[in-house]
Amino acid sequence: MGAPVDRAIPVLLAPNITREISENGWSPDLVTIHSCGAFPGEQISPGIVAKRGHYTDNDTKYALVSLPQQFSDPSNRLELYVEETDYNTVTGAASFLQDNKDKVLKYVSCDPKRKRVPNSLCLHAVCEFSDGSLQALKRTSDTPYSPNDFSLSFEEQLDEVDFQSGAALAATTWMHRAVCEELFPLLNKRSNKSRISLSQAYNSVAQYIDYMRFWALLLEVEIGNFALMGHIKVNIDPIRFAEIYRDFRATGHMRDKEGLMYNVSRNDVRELLQSRPAQAREMNVDDNTKEILGDFVPIGTLHRTTLCRALLWGKCSGLI
């Protein structure tokens with residue numbers, strides 16, 4: 001723990017990371033996220049302010065500001081504390097650090113109490129199918145974060161809607177929403193169409209989810225951003241998943257399309273971890289005119305935490 005894996009550092013691991021993979025980590029109901037007011041403006045450096053974005057959809061984001069002591073809670077609960085910031089400020093911080101790599105050590109720490117950079121606490125999830133393969137995403141070229149990179153499997157930032165039922169349910173709501181926005185095409189945050197509720201959406205896919213757990217807290221060193229690594233196990237194979245996905249789309253549902261979906265075999269994950277060429281197979285879930293599983297493509301550049309996620313999953317699943 002604490003050793004860099006590519007461009008990420010696991011700064012906190014769940015106390016029960018073993019090969020009993022279904023029991024690893026914290027279940028969402030054991031994670032409490034407290035929102036504690038606004039991130040202080042006076043703690044944001046002028047360099048970050050100068051890089052502040054100008055996105056019209058300047059949503060509220062949540063900066064992690066406190067890190068619990070490892071194994072400090074005998075009940076194995078995880079308590080996190082966040083403060084409100086906004087998307088333009090967070091992207092400004094990331095842009096500033098990427099343009100000033102020599103200042104990363106000045107502003108970024110594994111302990112968010114020591115060096116406070118506006119960040120957006122994120123879920124970085126690994127989604128595993130019943131055949132042991134993983135879902136992957138090749139991110140779009142116009143996203144501010146990791147454009148064109150391959151991710152195992154997807155990312156979703158903590159949102160103010162996740163707190164509507166209180167701190168104790170925020171992590172569960174977050175995980176359910178991520179499944180319905182990023183994995184299944186049920187909730188599209190940017191759509192102007194009337195939407196079903198989150199509970200309705202999740203209830204329609206809950207039968208396909210074996211379990212969902214949080215395994216670790218990761219730090220994206222280059223941009224000072226914290227992310228909870230999640231593991232989602234579905235009880236269907238990639239073909240059945242794609243059929244269900246297409247059925248939902250046929251009734252007018254959409255997902256947040258942040259990239260093209262792919263499938264990666266266990267063997268190709270192993271190749272990635274051994275720094276060898278690996279490939280992913282197209283999942284044509286958004287195009288009913290094509291075969292579900294399409295061409296194999298080489299896996300190119302990786303999202304900053306993908307290798308870290310793959311390593312933790314590979315160790316626990318017996319891959320390596």
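Throughout, numbering of the chain's residues begins at 1 and tracks the sequence. Note that these values count all heavy atoms, side chains included, but never hydrogens, waters or copies made by symmetry. Everything numeric in this text was worked out from a predicted model, so none of it was measured.
By the 30° and 60° cut-offs, the orientation of the rings of His124 relative to His303 is perpendicular. Note: Phe96 and Tyr107 have perpendicular aromatic rings, judged against thresholds of 30 and 60 degrees for the angle between ring planes. The aromatic rings of Phe248 and Phe184 stand perpendicular to each other, their planes meeting at an angle above 60°, with 30° marking the opposite boundary.
Side-chain N/O atoms of Glu84 and Thr60 include no donor and acceptor closer than 3.5 Å. Between the side chains of Asp287 and Thr289, a donor-acceptor pair is found at a separation under 3.5 Å. Donor-acceptor pairing under 3.5 Å is recorded for the side chains of Thr32 and Arg77. At a cut-off of 3.5 Å, with distance as the only test, a side-chain donor of Asp149 or Thr301 sits close to an acceptor on the other residue. Arg52 and Thr89 share a donor-acceptor pair across their side chains, judged by distance under 3.5 Å alone. Side-chain atoms of Asp286 and Tyr245 form a donor-acceptor pair, as typed in the model, at a separation below 3.5 Å.
Heavy atoms of other residues, nucleotides or ligands lying less than 6.0 angstrom from CD of Gln274 number more than 12. Around atom NZ of Lys233, more than 12 heavy atoms belonging to other residues, nucleotides or ligands sit under 6.0 Å away. Residue-environment remark: NZ (Lys115) exceeds the threshold of 12 foreign heavy atoms within 6.0 Å. Applying the 6.0 Å contact sphere to CD of Glu20 captures no more than 12 heavy atoms from other residues, nucleotides or ligands.
Under the side-chain contact (heavy atoms from CB on, under 4.5 Å) rule, Glu271 has a single partner from Gln279, Arg276, Arg266, which is Arg276.
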Do Ile232 and Glu128 pass the side chain to side chain contact (heavy atoms under 4.5 Å, CB included) test, and can you show the C-alpha distance, the side-chain angles, and the key distance before you say yes or no?
-> CA-CA 6 Å; Ile232 299 169; Glu128 180 182 352; over 6 Å; no

side-chain hydrogen bond (donor to acceptor under 3.5 Å, both in side chains) between Ser133 and Asp131, intermediate numbers included = CA-CA 6 Å; Ser133 66; Asp131 64 355; 2.7 Å; yes

Evaluate the criterion side chain to side chain contact (heavy atoms under 4.5 Å, CB included) for residue pair Ser204 and Leu186; output intermediate values, then yes/no.
-> CA-CA 9 Å; Ser204 68; Leu186 291 171; 3.5 Å; yes

Could you go step by step and tell me if Thr18 and Asn24 meet the side chain to side chain contact (heavy atoms under 4.5 Å, CB included) rule?
-> CA-CA 6 Å; Thr18 69; Asn24 277 1; 3.5 Å; yes

Taking it one step at a time, do Ser265 and Asn267 satisfy side-chain hydrogen bond (donor to acceptor under 3.5 Å, both in side chains)?
-> CA-CA 5 Å; Ser265 70; Asn267 184 63; 5.2 Å; no

Check against side chain to side chain contact (heavy atoms under 4.5 Å, CB included), Ser120 and Thr85 = CA-CA 8 Å; Ser120 179; Thr85 180; over 6 Å; no

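Annotation: side chain to side chain donor-acceptor pair (under 3.5 Å) contacts of Arg281 (sequence neighbours excluded): none.
Here CD1 of Ile21 is found 5.5 Å from SG of Cys316. Values are rounded to the nearest 0.5 Å. The CG atom of Asn284 sits 9.0 Å away from the OH atom of Tyr262 when rounded to the nearest 0.5 Å. Rounding to the nearest 0.5 angstrom, the gap separating the CD atom in Glu222 from the CG atom in Asp6 is 8.0 Å. Note that NZ of Lys61 and CG of Asn119 are 12.0 Å apart. Values are rounded to the nearest 0.5 Å. With values rounded to the nearest 0.5 angstrom, Leu187 atom CG is found 8.5 Å from Ser197 atom OG. Rounding to the nearest 0.5 Å gives a distance of 9.0 Å between CG of Asn235 and OH of Tyr208.
In the hydrophobic cluster analysis, where Ile, Leu, Val, Met, Phe, Trp and Tyr join through side-chain heavy atoms closer than 4.5 angstrom, Ile299 is grouped apart from Leu137.
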